Amino acid sequence: MWRSLWRSIDRFSLQHFKYVINELREIQVVDKHNRELVIDLLQSIVEIVTYGDRQDPLIFESFMEYQVLAEFVRVLKISRNSRIEAPLLQYLSIMIQNMDSEYAIYYCLSNDYINSIITHQYKFDGGDLAPYYISFLRAVSNKINRDTLCLLVKVQGDAVVSFPLYTEALKFVQHGEKMIQTAVRALTLNIYNVSDRMVYQFVSTPPASEYFSDLVHSLKQQCIHLDSLVLATENTCTDQRRKELLVETDKIVDDLYYFKDILSVGESSLSEVVTQNLLNLFVFPILLPLLQLRQNDVSNLSAVTSLYIVSLLIQVVGGKSIINSVIEIVLYPFMFSQKDANEGITVNSSFNHLTDVEKLVCSGSELMGAENIDEHLSNKNVSSNSHSVNCSMDDNVCPKRSGILALILSDNHSLLLASLFFLLTLAGSKDAENSLASMIGLTAIQHAMNQDISASQVVDGSILAKFVPQILNALLKVLATVPPTSVQIQWHSGWLFYKLLVSQGKSLDPHNLLMFNTSYEQSCDRFQKELDGCWFDHILDTLRNEWNNCKTALEKPSQSKDPFFLLELAVCLQITDGNETSSYSSWQRMVDIVKVFILHLQLKAFISKGELPENPLLAPLSSPSVDSGRTHVSDLSSASFGSEISLESGIPCRIAFSNAGVRDIYMIPAARGTSGKLLLVEKHPFRSQRGVVIAIAPLAALSPKMEEDHPTWLHLRIRDFAPGLKGSKTRGYNSKGSNHAVDGRWTLGFPNAKACEAARFAILEETNKQRTAIRNALASLLEEQSDEENSKARLSR
């Protein structure tokens, strides 16, 4: 008998389940006194139901018989400030998420119990209830399909009049917590993907459709905030500023991908309302003022930010309707406002609907309604075999406008590059109609994007074909600017120059070729100065590492290129003047100059030979081997810390280390081939002619100087920054403004001024040996990439 009293209760038995349900039914009010009891009962019910759904059908039959979900609804109604809502929603979420049986899911969503829980009047007073509520809604949305969705909506006739799961979730769209925003978007996508005609009609008509216009307005506000950061950070390209821009752009990218996900559902009515809102509330207000098609600037965005946003939209969202509407806006000034006296621009009659764009852009009123503009801009169902008509119009219809060319031929380098990238992004889109793309010359550029040189002839009579020489000239002006622009601007100018040169399918005219040669000579001069700088010993490695990076960047299609560089161009206008004192700043300058030098070498090879050259530095240069297993080192240039070497060439001196006091040492400068270092050696206690290496510094950057007031003192600068030379670590221009410790300094003391002078001369002599070896190596390796004897003479002198 006593043993039976201690027998453990089977928590998952049908008997215990009924007992728990009865306990819950006896609760008449939920307050702070019985809150914990109620929570335990709810937890037990959820655990047993989850178990029964998979193991015991009788449990779920009792769940339905006792109408347990009705008890959950009742508990919510009898709660008196007990904060029972959060745990109740949590347990319900767990139960729904773990249900596998379609029968069980169907029952839970029926009888309007879920809708009653969704529409309960919760008090979201800033506590932790909102995450539990949204988690519950998302759990429900994960279980809906075409058979169960109808259980959550109210229908009158053939139309949905109420959909609490959707409308209540939308109230949290602008919630401050990112997790809740993400959950709401996941919930909406779950609903859109069900493919229910009546639900599509509900979400696509007011007031539910206002959700999409609100999304677009929110996106536009984020763009305005991003633009304010761009304007505020002009000319200050630091890590912190760049991170701030990246954070804001990531938010915009997330929103654009959400729009893409909605459009990917493939429902025509849903896609139509989203596309209309994107075009009429976002794209047109940005592009029309930017291309001078409207006088009132309703976008409130700067030109570079506008181009960045639209380029990003094209890359992420895309879609035929959006892409081709953008192309039409770009085409508009050339088709209606520029009339050539000698030759008219003839286009296919499929563009006749652009007369409606004429009415739109020339009206002084605000933008038309979404449905009107969409009707004007989407009526493209005209046979491609239709006869051609002349689209030149009277200049009095609308003011003369230069459109995109005003941006491309701008003196503002950032605007020039941003507008060109914008065109190339259009060209790289697979959704661009061939007839539209060929009108502006984008078809030829698209072939260039795919490296199809044989098919890269510009379409005769296309708008862009007339201006390619001017555009190339504008890019060359950027490359040849004195003082040079930032490396980002030069790098991307070279990339755009290469793409247009490929699309043109012919060589440069004499004037542009002269400009390129001038730019090439300037780049060589800057590179030559770096061979005298404090990082000349790393130039070969930098060339080797950056060569393929540059070639890859030149060949990369526009669609895979991150448009974020457009914002970097706007905030990083000029490179530094070369007066940096720290080795870190000097390192960044050297890498930037090498990048631009490689760019010019590759462009020059392409202009002369029609193809980009291979890396002349594929194999590392031979360097002295270091045998770490040996204590005695015969080659001084391969000595490492702790090595035992001969003191035969050592110059005796003294040095004061902060932690070791004054020490008698030997200074040994040693260069072999392209390697060079300065060794500080302490005499071996038992071998008079040998010593142990106690410190090492590179010969480059030592800049030995004798103290004027103390001619026996020799000051040496020791580079503090130790760069990594693989991958992106050499892309130093993205890190400008970083705080780095100042360079170190050694001061060596000698017996007299003559000995100090001799030590200085010995360091300079070995440094010159190393520099000469590097010059010779460069002259030999790059001879084929330059103008033969001229290049060799330049690098050897």
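Treat the numbers as computed from the prediction; the structure is a model and nothing was measured.
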If only atom types and distance count, is the side chain of Ser213 paired as donor or acceptor with the main-chain N or O of Glu210 below 3.5 Å? yes

If I take atom CE from residue Met64 and atom OG from residue Ser110, how far apart are they, to the nearest 0.5 angstrom? 9.5 Å

Return the set of residues passing ring-ring contact (aromatic ring centres under 6.0 Å, His included) with Tyr122 (not counting sequence neighbours), or none when no residue passes. His120, Phe124, Tyr133

Are the side chain of Asn277 and the backbone N or O of Val273 linked by a donor-acceptor pair below 3.5 Å? yes

Under the 3.5 angstrom rule, does the side chain of Ser228 hit a backbone N or O of His225 as a donor-acceptor pair? yes

Are the side chains of Asp53 and Asn98 in contact, using a 4.5 Å heavy-atom criterion? no

Less than 3.5 Å apart, any donor N or O on the side chain of Glu71 or Gln67 sitting next to an acceptor on the other? no

Verify, without hydrogens or angle tests, whether Thr275 (side chain) and Glu272 (backbone) share a donor-acceptor contact under 3.5 angstrom. no

Side chain to side chain contact (heavy atoms under 4.5 Å, CB included) for Gln90 and Ser93? Distances and angles first, verdict last. CA-CA 5 Å; Gln90 181 185 18; Ser93 300; 5.8 Å; no

Salt bridge (Lys or Arg N to Asp or Glu O under 4.0 Å) against Arg35, all qualifying residues, sequence neighbours excluded: none

Would you say that more than 12 heavy atoms from the other residues, nucleotides or ligands in this model lie under 6.0 Å from the CD of Gln15, or not? no

Heavy-atom check, side chain of Tyr258 versus side chain of Leu189, under 4.5 Å: yes

Where do Val46 and Met95 come nearest, in terms of heavy atoms and distance? CG1-CB, 3.8 Å

Validation row: Val304, Val230 side chains within 4.5 angstrom (heavy atoms): no

Salt bridge (Lys or Arg N to Asp or Glu O under 4.0 Å) filter on Lys171, not counting sequence neighbours, yields Glu168

Sequence neighbours excluded, which residues qualify as side chain to side chain donor-acceptor pair (under 3.5 Å) partners of Asp158? none

Atom CG of Leu89 and atom CD1 of Ile94: how far apart are they, to the nearest 0.5 Å? 11.0 Å

Measure across Ile27 and Arg74 and return the closest heavy-atom pair with its distance rounded to 0.1 Å. O-NH1, 2.8 Å

I would like to know whether Ile329 and Val283 meet side chain to side chain contact (heavy atoms under 4.5 Å, CB included); could you show each step before the answer? CA-CA 10 Å; Ile329 294 296; Val283 177; over 6 Å; no

Distance-only, no hydrogens or angles: does the Ser79 side chain make a donor-acceptor pair with backbone N or O of Val75 under 3.5 Å? no

Verify, without hydrogens or angle tests, whether Arg25 (side chain) and Tyr66 (backbone) share a donor-acceptor contact under 3.5 angstrom. yes

Evaluate the criterion side chain to side chain contact (heavy atoms under 4.5 Å, CB included) for residue pair Glu61 and Leu14; output intermediate values, then yes/no. CA-CA 10 Å; Glu61 289 182 8; Leu14 178 60; over 6 Å; no

Taking the side chain as every heavy atom from C-beta outward, state whether Phe17 and Val49 have any pair of such atoms under 4.5 Å apart. yes

State, with a plain yes or no, whether a side-chain heavy atom of Phe202 is found less than 4.5 Å away from one of Val161. no

Distance in Å, Tyr192 OH paired with Ser271 OG, rounded so as to fall on 0.5 Å steps: 11.5 Å

Considering only heavy atoms from C-beta outward, does the side chain of Leu231 approach that of Ser302 to under 4.5 Å? yes

Just by distance, with hydrogens left out, do Asn190 and Asn142 show a side-chain donor and acceptor under 3.5 Å apart? yes

Not counting sequence neighbours, list each pair that qualifies as a salt bridge (Lys or Arg N to Asp or Glu O under 4.0 Å) and has a residue in residues 248-259. Lys178-Asp254, Arg185-Asp255, Glu248-Lys251

For Phe564, is there any backbone N or O sitting under 3.5 Å from a side-chain donor or acceptor partner on Tyr308? no

Return each pair, listed once, that meets salt bridge (Lys or Arg N to Asp or Glu O under 4.0 Å) where at least one residue sits in residues 133-143; pairs must be two or more places apart or across chains. none

On a heavy-atom basis, the closest approach of Asn115 and Leu152 is ND2-O, 3.4 Å

Suppose we screen for side chain to side chain donor-acceptor pair (under 3.5 Å). Which residues come up paired with Ser204, at least two apart in sequence or across chains? none

Quick check against the 3.5 Å criterion: does Asn34 have a side-chain atom that pairs as donor or acceptor with the backbone of Val30? no

For Ile323 and Ile314, work out which heavy atoms get closest and say how close. CD1-CG2, 3.3 Å

Measure the CG-CG distance between Leu24 and Leu41 for me, rounded to the nearest 0.5 Å. 6.0 Å

Please name all residues satisfying salt bridge (Lys or Arg N to Asp or Glu O under 4.0 Å) with Glu267, sequence neighbours left out, ordered by chain then number. none

Quick one, Leu279 and Ser321 - any side-chain contact, counting heavy atoms below 4.5 Å? yes

Could you give me the CA-CA distance, side-chain angles and deciding distance for Tyr166 and Val153, then say whether side chain to side chain contact (heavy atoms under 4.5 Å, CB included) is met? CA-CA 9 Å; Tyr166 184 75; Val153 300; over 6 Å; no

Aromatic centroids of Tyr106 and Tyr103 separated by under 6.0 Å: no

Measure the spacing between OG of Ser13 and CD1 of Ile59 and express it to the nearest 0.5 Å. 7.5 Å

Within the 4.5 Å heavy-atom criterion, are Leu215 and Phe259 side-chain neighbours or not? yes

Test of understanding: with salt bridge (Lys or Arg N to Asp or Glu O under 4.0 Å), list the residues that count as partners of Arg83, not counting sequence neighbours. Asp125

CG on Leu566 to OG1 on Thr249, rounded to 0.5 Å: 11.5 Å

For Tyr51, what residues pass the ring-ring contact (aromatic ring centres under 6.0 Å, His included) criterion, not counting sequence neighbours? Phe12

Measure across Gly319 and Asp431 and return the closest heavy-atom pair with its distance rounded to 0.1 Å. N-OD2, 3.0 Å

Scan for salt bridge (Lys or Arg N to Asp or Glu O under 4.0 Å) pairs involving residues 189-207, sequence neighbours excluded, and state none if there are none. none

Filter on salt bridge (Lys or Arg N to Asp or Glu O under 4.0 Å), then keep only pairs touching residues 102-114, sequence neighbours left out; what's left? none

Asn111 side chain to Tyr113 main-chain N or O, any donor-acceptor pair under 3.5 Å? no

Taking all non-hydrogen atoms of both residues, which atom of Pro563 and which atom of Gln315 are closest, and how far apart? CD-OE1, 3.2 Å

Does Ser429 use its side chain to pair, donor to acceptor, with the backbone of Thr425 at less than 3.5 Å? no

